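Predicted model only: the values in this text are computed from it and were never measured.
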Amino acid sequence: MACNQLKTMNETYYTLIFIKDSSKILLGFKKRGLGKNTWNGYGGKLQENEDIFDCAIRELKEESNLNIKKDKLNYLGVVIYDDNRNMINHRRIVYIFNASSIDDEPVETEEMRPQWFNFQNIPYDNMWPDSKFWLPLVLKDGWLIARFTYKGDYEIVDYVVKELHEAPSLTNGIQDYMSIKSSQEDYEYKDCAIYVENV
Ligand SMILES: Nc1nc2c([nH]c(=O)n2[C@H]2C[C@H](O)[C@@H](COP(=O)(O)OP(=O)(O)OP(=O)(O)O)O2)c(=O)[nH]1
């Protein structure tokens, strides 16, 4: 399906943050809810009247007890998930961050069990299947825009991942991101970027 043919029925906004240093990344093992029993960064739903930076700070605190200041957050881009299950189109728009310089150690909470992983040892086989396509960009502080269409919980039927030269604008409508094409000059991408449609 071409990306401009997607119909939006229902959109939910999330943040997702990855804490890292030069060789290790912090992941949490999700103990309940969406993505249960898989590793992921820390994050959750944007609340009413909350900006994405405050949401990222709040979710990190709730799920790991780590504190982070706004000026330590690197906004890297957006990953969009379309899910056409049961004929209902649902879109999750996830704002991606990374950050380093964390002084404290994370704690286990009701939602997440923390663990540090070497960059060479990331448990991609036990993460959402899309993670392996774009997490390498997060490890190297790359800016990105990506979109995945899922059929059911685990099957990716269409995706595009692009590395950008700068962070995607937060003020542009999300529809701008939906129309990304390899030929689009606004989002000129680097050689190492991945571009696949209709897989
Ligand atoms: N890597 C990856 N992350 C995803 C996918 N889908 C998806 O929602 N996420 C992220 C976005 C959020 O950070 C997180 C899900 O958030 P959540 O459901 O736990 O949100 P929440 O904490 O507000 O939920 P709750 O309190 O209402 O249970 O997972 C996906 O397909 N791949």
Side-chain angles (χ1 to χ4, degrees), residues 1-4 6 8-20 25-28 30 33-35 38-46 51-53 55-56 59-60 63 73-85 89-99 122-124 126-182 184 186-187 189-190 192-199:
M1 181 189 293
C3 46
N4 60 4
L6 290 166
T8 308
M9 302 287 288
N10 189 343
E11 285 184 350
T12 322
Y13 294 84
Y14 294 85
T15 57
L16 187 59
I17 181 166
F18 294 88
I19 306 296
K20 68 181 188 69
I25 185 168
L26 175 67
L27 299 176
K30 192 97 189 289
L34 196 63
T38 60
W39 296 96
N40 203 356
Y42 288 87
K45 270 187 221 84
L46 188 69
D51 77 31
I52 57 166
F53 294 89
C55 175
E59 288 284 350
L60 181 66
E63 295 179 352
L73 295 176
N74 293 325
Y75 163 62
L76 296 176
V78 183
V79 181
I80 297 161
Y81 299 100
D82 283 310
D83 175 356
N84 303 325
R85 213 175 319 184
N89 289 341
H90 181 227
R91 176 166 295 159
R92 290 198 186 93
I93 295 164
V94 183
Y95 294 94
I96 308 295
F97 298 84
N98 72 11
I122 294 178
Y124 286 119
N126 200 11
M127 299 179 75
W128 288 94
D130 56 273
S131 305
K132 61 178 171 292
F133 294 108
W134 56 271
L135 196 55
L137 293 175
V138 172
L139 299 183
K140 62 173 196 139
D141 304 331
W143 293 297
L144 71 141
I145 180 84
R147 177 177 52 74
F148 293 85
T149 305
Y150 269 88
K151 184 173 149 204
D153 286 339
Y154 302 109
E155 192 186 347
I156 297 169
V157 292
D158 178 57
Y159 73 97
V160 51
V161 176
K162 285 192 180 191
E163 183 175 11
L164 305 177
H165 293 291
E166 57 186 18
S169 161
L170 285 171
T171 52
N172 285 354
I174 211 76
Q175 288 309 325
D176 289 0
Y177 302 144
M178 297 315 299
S179 61
I180 49 173
K181 291 280 184 193
S182 56
Q184 190 168 325
D186 291 350
Y187 289 116
Y189 61 100
K190 298 178 186 173
C192 56
I194 306 157
Y195 181 81
V196 183
E197 282 253 10
N198 299 320
V199 290

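A distance of 13.0 Å separates CD1 of Ile96 from CG of Asn74, quoted to the nearest 0.5 Å. Taking OG1 from Thr149 and CG from Asp158, the interatomic distance works out to 4.5 Å, rounded to the nearest 0.5 Å. To the nearest 0.5 angstrom, Ile52 atom CD1 is 15.5 Å from Tyr14 atom OH. Rounding to the nearest 0.5 Å places CZ of Arg91 at 4.0 Å from CG of Asp82. Leu34 CG to Thr12 OG1: the interatomic distance, rounded to the nearest 0.5 Å, is 9.5 Å. Between the OG1 atom of Thr15 and the NZ atom of Lys45 there is a distance of 11.0 Å, given to the nearest 0.5 Å.
Evaluation of the side-chain hydrogen bond (donor to acceptor under 3.5 Å, both in side chains) rule for Lys30 yields no partner, not counting sequence neighbours. By the side-chain hydrogen bond (donor to acceptor under 3.5 Å, both in side chains) test, Asp141 pairs with Lys20, Asn98, sequence neighbours left out. With sequence neighbours excluded, the residues forming a ring-ring contact (aromatic ring centres under 6.0 Å, His included) with Phe97 are Phe53, Tyr75, listed by chain and number. In this structure, the side-chain contact (heavy atoms from CB on, under 4.5 Å) partners of Glu155, at least two apart in sequence or on a different chain, are Lys151, Val157. Here Asn40 pairs with Leu16, Phe18, Trp128 under the side-chain contact (heavy atoms from CB on, under 4.5 Å) rule; sequence neighbours left out. Under the rule for a ring-ring contact (aromatic ring centres under 6.0 Å, His included), the partners of Trp39 that lie at least two apart in sequence or sit in another chain are Phe29, Phe117.
Across all non-hydrogen atoms, the minimal contact from Tyr154 to Pro129 is O-CG, 3.3 Å. Pro168 and Leu144 make their closest contact through CG-O, 3.6 Å (heavy atoms, listed as atom of the first residue, atom of the second, distance). Scanning all heavy atoms of the two residues, the minimum distance from Ser131 to Pro136 falls at O-CD, 4.0 Å. Listed here is the closest heavy atom pair of Ile17 and Ala99: CD1-CB, 4.2 Å. Minimum interatomic distance between Tyr42 and Leu27 (heavy atoms only, all atoms of both residues): OH-O, 3.8 Å.
Side-chain N or O atoms of Glu63 include one that pairs as donor or acceptor with a backbone N or O of Gly43 at under 3.5 Å. In this structure a side-chain-to-backbone donor-acceptor pair under 3.5 Å is present from Tyr150 to Asp130.
Proximity of Glu11 to Ile93: side-chain heavy atoms (C-beta onward) are separated by under 4.5 Å at one or more points. Side-chain contact between Leu137 and Leu76 is absent, with no heavy atoms from C-beta onward closer than 4.5 Å. Contact check for Lys132 versus Ile122: no side-chain heavy atoms found under the 4.5 Å cut-off.
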